[in-house]
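Written below as structure tokens is the structure these notes are about.
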Amino acid sequence: MKKPKYVFVTGGVTSSLGKGIIAASLARLLQARGYSVTIQKLDPYINVDPGTLNPYEHGECYVTEDGAETDLDLGHYERFLNVPTSQANNVTTGRIYLTVIENERRGQYLGKTVQVIPHITDEIKRRIRLLGESGDYDIIITEIGGTVGDIESQPYIEAVRQMKWELGSEDSLVIHLTLVPYLAAAGELKTKPTQHSVKSLLEIGVQPDVLVCRTEKPLNAEVRRKLALFCNVTPNAVIESMDVKTIYEVPLVMEKEKLDKVVLSKLKLSSKTEPDLSVWKDFLFKLSHPKAEVNIALVGKYVELPDAYKSINEAFIHAGAANQCKVNVQSVHSEYLSAANAAEKLAGFDGILVAPGFGSRGIEGKLEAVRFARENKIPFFGICLGMQCAVIEFARNVLHINDAHSSEMDQGTSAPVIDLMEGQKEITQMGGTMRLGAYDCQLQKGSLALKAYGKQNISERHRHRYEFNNQYREAFEAAGMFLSGINPKTGLGEIVEVSGHPWFVGVQFHPELKSTVENPHPLFVRFIKAAMERK
Ligand code: GLN
């Protein structure tokens, strides 16, 4: 049974400084020294989970093994640490309030006035401590979403203040991530915004122990001294975080700046064993020394916002490194893709991926992308809605069922080759009701999938309501599209392939969610390999 120590990560000056990457990098360094670490994200919005959010809002919704719909930062945590997260790793203000209000309705507060302090802050603290109860972790890193000074973040910062007081300085520590801007006109780095954001933290009673400073230029000794003096931290606790080419370099940059050592010494933990980062460094070497190059089209409707397909883009980076191949992923907007321009817009790609999604916008463009890939024998990878599009396209253009569709897009179709799952028919609530989380899948002999995974029984994560309609299975298989992965319990079709095509794989699940630096996903690795072979 381990008694965890807590590291809190807050952000100041501006959003988008990359708290998630800093938290994940620190966690990776501590893990590399033999500590068992997990990371938690507290999100200050009122949605109970990001499952009901449009990807344009905060990017993709990341799904964990236990079926929690969570913030995309959890994806970074898993990609960096190579250990699964769960619902306990992501808590939103909505979830906190929902619990408190449900408790109140049950009469749990015995007639008391229910208030932000202590009821909301107590529930926040309970959620922070919950992860530690397993006894599995030496260190728990809790990232507070938002920026210090936001109204929404205040109860979280107050909870951090209380926890620091309860735990004491050897068992808790606050890292404040901040921006040190460079003013070209003055030719200087400016420390004032950082001083002000530390001041806002102090107003709530939190003194940060470590400053991680995002900067375009190196912090000189004078700037470091100023930051330490005016923000009241030890000089070794001013950590420079310069912009780097890839997020995967950040752990090495933080190691150089001794972030892990400073944290360990403040928490009175030993830093004797040097971090073992050999696999990580090998990955970075391959990433920066490619021997080949491929162009991949990412066909989707949320392409304006790269975060909408975060895990897919990261999985391509892992798979690229595994093949020592530079993967140029280019977005193709499905809304502007048609039979008339598909050949022109998709010319020159070595592989085509059709992305997940919801609703009918851009669907005809996705079908054209599938058709182009299938007919021209270009490696094709369809994920979730992308797999469903592969099925619809095959029904229309090979089986000649012109009306074939998914009942999501056309409720009245006479040929619902993709149809609502039985369990979904009675559902009226939108939040948290999809088929979510890990499900088993059995791979068929002779399939590309079996070749990629190298084993027959796999498990992958899901997030969808619709599925392949097994009534059509025989007709599809007779014409060359077969189910190469099947859920052994329910018989649901999880993977489709097309015989006679070099690499055509559609998956109902989300393989991108399980790709990590140390375990690049086998389907992405094979897809890139197929693209390299085509080239
Ligand atoms: N909209 C489809 C469904 O609900 C696909 C979902 C997805 O791509 N994640 O089944």
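Just so you know, residue 1 is the first one in the sequence shown, and it goes up from there. Whatever order the structure lists ligands and atoms in, that order sets their numbers, starting from 1.
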### Summary
All heavy atoms of V9 vs all of I141, minimum pair found to be CG2-CG2, 3.8 Å
### Query
Between E60 and S311, is any side-chain donor less than 3.5 angstrom from a side-chain acceptor?
yes
#### Entry: Subset of ligand 1 atoms that lie under 4.0 Å from at least one heavy atom of C384
5 (C), 6 (C), 7 (C), 8 (O), 9 (N)
#### Entry: Contact partition for R463 relative to ligand 1, non-hydrogen atoms under 4.0 Å
backbone
### Message
Considering both backbone and side-chain atoms of L385, is one of its nitrogen or oxygen atoms within less than 3.5 Å of a nitrogen or oxygen in ligand 1?
### Response
yes
### Nearest protein heavy atom with distance in Å, relative to atom 5 (C) of ligand 1
G357 O, 3.3 Å
### Message
Quick check on contacts: which atoms of ligand 1 are under 4.0 angstrom from a heavy atom of H510?
### Response
9 (N)
### Message
Closer than 4.0 Å to some heavy atom of E408 - which atoms of ligand 1 meet that?
### Response
1 (N), 2 (C), 3 (C)
### Task
Mind checking whether Q388 contacts ligand 1 via backbone (N, CA, C, O), side chain (CB onward), both or neither, at a 4.0 Å heavy-atom cut-off?
side chain
#### Entry: A322 versus V525, closest heavy-atom pair with distance
CB-CG2, 4.1 Å
### Task
Identify the protein heavy atom lying closest to atom 4 (O) of ligand 1, giving its residue, its atom name and the separation to 0.1 Å.
R465 N, 3.0 Å
### Query
Does the side chain of S406 come under 3.5 Å of the side chain of Q388 through a donor N or O and an acceptor N or O?
no
### Message
Just to confirm my output: which protein heavy-atom neighbour is closest to atom 10 (O) of ligand 1, and how far is it?
### Response
Y466 N, 2.8 Å
### Task
Provide the closest heavy-atom pair for K366 versus P356 in the form atom of the first, atom of the second, distance.
NZ-O, 3.6 Å
### Task
Could you label the plane-to-plane angle of the H462 and H464 rings as parallel, tilted or perpendicular, counting under 30° as parallel and over 60° as perpendicular?
tilted
### Message
Counting the benzene-type ring for Trp, do H521 and Y453 have ring centres under 6.0 Å apart?
### Response
yes
